[in-house]
Amino acid sequence: MTIQQEACEKIMRLPEDGIRLILVMADEIARQHGIFPDTNVETEAGTQLTRKKRAFQDMLELREQSTYPKNFDYKKTMEDAI
């Protein structure tokens, strides 16, 4: 039995969440080894992961463009408004 066959058999016994986690890890390992770039991931889970990564990067960029001071206390502002 090859390592790939053994991995497939073990994956078949996992619950759905475990399989998703394995897909994410496999995508990341493949990306790090240049097997496929982030934008060319063919699996549904990989596509969702790519969209999430892009959304997170967009959020970080927007946060940097924010006009709020770095020490802005949103909880205090919310309490004052209420």
Side-chain angles (χ1 to χ4, degrees):
M1 177 181 306
T2 68
I3 292 176
Q4 290 176 338
Q5 289 171 331
E6 185 178 347
C8 287
E9 284 185 13
K10 288 182 180 183
I11 289 171
M12 294 296 286
R13 292 186 219 135
L14 292 175
E16 197 72 19
D17 291 341
I19 295 171
R20 283 193 183 102
L21 178 61
I22 297 225
L23 285 174
V24 169
M25 291 184 340
D27 288 343
E28 181 61 21
I29 291 169
R31 185 193 63 77
Q32 288 177 0
H33 286 87
I35 295 171
F36 52 76
D38 283 341
T39 56
N40 291 335
V41 176
E42 295 296 330
T43 65
E44 181 180 326
T47 303
Q48 289 175 352
L49 180 65
T50 303
R51 277 188 267 165
K52 288 179 182 180
K53 283 182 179 180
R54 272 191 247 132
F56 183 72
Q57 290 300 323
D58 291 344
M59 183 189 71
L60 291 178
E61 290 173 14
L62 287 172
R63 187 174 75 176
E64 292 299 318
Q65 298 170 4
S66 174
T67 59
Y68 293 109
K70 295 290 182 191
N71 61 350
F72 178 71
D73 185 4
Y74 76 93
K75 288 182 181 178
K76 182 179 182 316
T77 304
M78 184 177 65
E79 287 174 4
D80 292 345
I82 292 174

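For CE of Met12, the number of neighbouring non-hydrogen atoms (other residues, nucleotides, ligands) closer than 6.0 Å is 12 at most. Within 6.0 Å of atom CG in Leu62, more than 12 heavy atoms from other residues, nucleotides or ligands are found, so the atom counts as buried in its surroundings. Annotation: Gln5, atom CD; neighbour count of heavy atoms from other residues, nucleotides and ligands within 6.0 Å is above 12.
In this structure, OH on Tyr74 lies 10.0 Å from CD on Glu79, to the nearest 0.5 angstrom. Taken from CG in Asp58 to NZ in Lys53, the straight-line distance is 14.0 Å, to the nearest 0.5 Å. Atom OG1 in Thr50 sits 7.5 Å away from atom CG in Asp27 (nearest 0.5 Å).
Annotation for Ile11 and Ile22: closest pair CD1-CG2, 3.9 Å, computed over non-hydrogen atoms.
Looking at Glu28 and Gln32, their side chains do bring a donor and an acceptor atom within 3.5 Å of each other.
Salt-bridge check for Asp80 with Lys76: passed, with a basic side-chain N closer than 4.0 Å to an acidic carboxylate O.
Judged by distance alone, with hydrogens and angles left aside, the side-chain atoms of Glu9 form no donor-acceptor pair with the main-chain N or O of Glu6 at under 3.5 Å.
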